[in-house]
Amino acid sequence: MKCRVCREPAVIDIRRHNANFCVPHFEKYCRDQVVKTIDEFEMARPDERLLVAVSGGKDSLAVWDILHDLGYAADGLYIGLGIGDYSDVSGQHARAFARQRGLHLIEIDLRESYDYDIPTASKVTKRVPCSACGLSKRHLFDSAALEHGYDVLVTGHNLDDEAAVLYGNVLRWQTDYLGRQRPTLPGRHGFPRKVKPLVRLSERETAAYCVLRGIDYLVDECPMAAGNKHLRYKEALNATEAASPGSKHAFYFNFLRNAAERFVDDNNDASTLGSCQRCGSPAESELCAFCRLVERTAGAEPVPVELVRKSSR
Ligand code: AMP
Ligand code: FES
Ligand code: ZN
Ligand code: ZN
């Protein structure tokens, strides 16, 4: 197996591109894919300030590393979700990465700042953990980016993530979600621009990137997400991809090219929303969904992770 570029021994094969790469050319391939994605979807200009949401997993550390390497001013944001050891270890990875590269990491701990955590919120609201988790993360990503003056909020979603979400949304024809699945969501009243620069890279590639760059990341999946629908959709797509390399990429990118625009809801104008009386975020009622969650769960008796039923998101 030889590198496509320099003919030296290759360390990775990428079947959908019918290409093998050595270490330096694989790293260059990853950076080039990110540059292409940023350009194509107008994600960020060189002078803008980026906030990267980092979970301590491979994707978000890889995207932070690549953006930093490309010369962007990119700080990190880590949210302590209070999911037992999983959260403790994920925080350690995010902190260690920031320390090693001298990067700035903003930290928000749900328990310290809002007196709840995800297992407890799940129990109190009687909803799957991913529901309170997603709501909390979305709100804190937006509010931290705006409060600290960042232009763009970056997440580490990769091709496998986006194809699996698309698959789930198409299976049920959830058209309102389909309209929000583009890799760049423009900033609007009360929301920063949100971008996913890794959508051209697969999970296997971001993992390989971290290993080859010596980035120590948390390998474990969230214990509360085990067995959820999202993971089952990924398995289904992996089976298709194995039989027909490139189908995952085609599924997602042809959707973006041929169909995504049709689902954008022009009536979904955030400027018509009111403001939350507590935190000032856009809200459909007196309080935004996040402040309502805090009101319901803050101060409740903490529930250990093991006592919360598994998600079936
Ligand atoms: P997930 O929803 O766990 O698949 O994560 C998707 C993306 O959200 C990651 O790539 C990160 O960019 C971001 N993210 C997930 N968990 C956290 C966290 N605890 N703190 C900050 N960002 C996170
Ligand atoms: Fe959100 Fe697991 S990371 S429920
Ligand atoms: Zn090479
Ligand atoms: Zn609020």
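Both ligands and their constituent atoms are indexed starting at 1 by order of listing. Model, not experiment: these values are computed from the prediction.
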Could you tell me whether K2 and E8 have a side-chain N and a carboxylate O separated by less than 4.0 Å?
->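 Not counted as a salt bridge, because no side-chain N and carboxylate O are separated by less than 4.0 Å.
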Please confirm whether V154 comes within less than 3.5 Å of ligand 1 when only nitrogen or oxygen atoms on both sides are compared.
->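 For ligand 1, there is no N or O atom that lies under 3.5 Å from one belonging to V154.
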Say whether I79, considering both its backbone and side-chain N or O atoms, lies within less than 3.5 Å of an N or O atom on ligand 1.
->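 Looking only at distances, the answer is yes, because the N/O contact criterion of under 3.5 Å is met.
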Between Y78 and S90, do the side chains contain an N or O donor and an N or O acceptor separated by less than 3.5 Å?
->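 Yes, a side-chain donor-acceptor pair sits under 3.5 Å.
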Would you please say whether a donor-acceptor pair under 3.5 Å links the side chains of Y150 and D75?
->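 The answer is yes; a qualifying pair exists.
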Angle in degrees, rounded to 10°, that SG of C279 and SG of C288 form at the Zn ion (ligand 4) |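 Output for this angle: 110°, rounded to tens.
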To the nearest 10°, what's the angle at the Zn ion (ligand 4) between atoms SG (C276) and SG (C291)?
->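 Once rounded, the angle between the two atoms at the Zn ion (ligand 4) is 110°.
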Do you know which of T155, D142, T184 makes side-chain hydrogen bond (donor to acceptor under 3.5 Å, both in side chains) with K194?
->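 That would be D142; it is the only one of T155, D142, T184 passing the side-chain hydrogen bond (donor to acceptor under 3.5 Å, both in side chains) with K194.
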Which one of L198, V54, T206 satisfies the side-chain contact (heavy atoms from CB on, under 4.5 Å) criterion with S60?
->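 With S60 as partner, side-chain contact (heavy atoms from CB on, under 4.5 Å) holds for just one option, V54.
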Residue from R16, K58, R31, K248 passing salt bridge (Lys or Arg N to Asp or Glu O under 4.0 Å) with E205 =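 Going through R16, K58, R31, K248 one by one, the salt bridge (Lys or Arg N to Asp or Glu O under 4.0 Å) with E205 is satisfied by R16 alone.
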Residue pairs passing the salt bridge (Lys or Arg N to Asp or Glu O under 4.0 Å) test where at least one lies in residues 94-103, sequence neighbours excluded |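 Salt bridge (Lys or Arg N to Asp or Glu O under 4.0 Å) check on residues 94-103 returns D65-R101, R95-E107.
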Which ligand 1 atoms does [X] reach within 4.0 Å, using its non-hydrogen atoms?
X	value
T155	12 (O)
K137	2 (O), 3 (O), 15 (C), 16 (N), 17 (C)
F141	13 (C), 14 (N), 21 (C), 22 (N), 23 (C)

Tell me which part of V52 gets within contact of ligand 1: side chain, backbone, both or neither, using heavy atoms under 4.0 Å.
->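 Neither part.
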Tell me which part of D161 gets within contact of ligand 1: side chain, backbone, both or neither, using heavy atoms under 4.0 Å.
->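 Neither part.
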Evaluate the side-chain proximity of Y114 to L293: yes if any heavy-atom separation is below 4.5 Å, no if none is.
->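 L293 does not reach Y114 side chain to side chain.
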F97 side chain reached by I215 side chain, heavy atoms, under 4.5 Å |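 A side-chain contact under 4.5 Å exists here.
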Six-ring centre of F191, R188 cation under 6.0 angstrom, axis tolerance 45° =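 R188 over F191 ring: yes.
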Sum of protein N, O or S atoms, each under 2.8 Å from the Zn ion (ligand 3) |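 Total protein N/O/S atoms under 2.8 Å from the Zn ion (ligand 3): 4.
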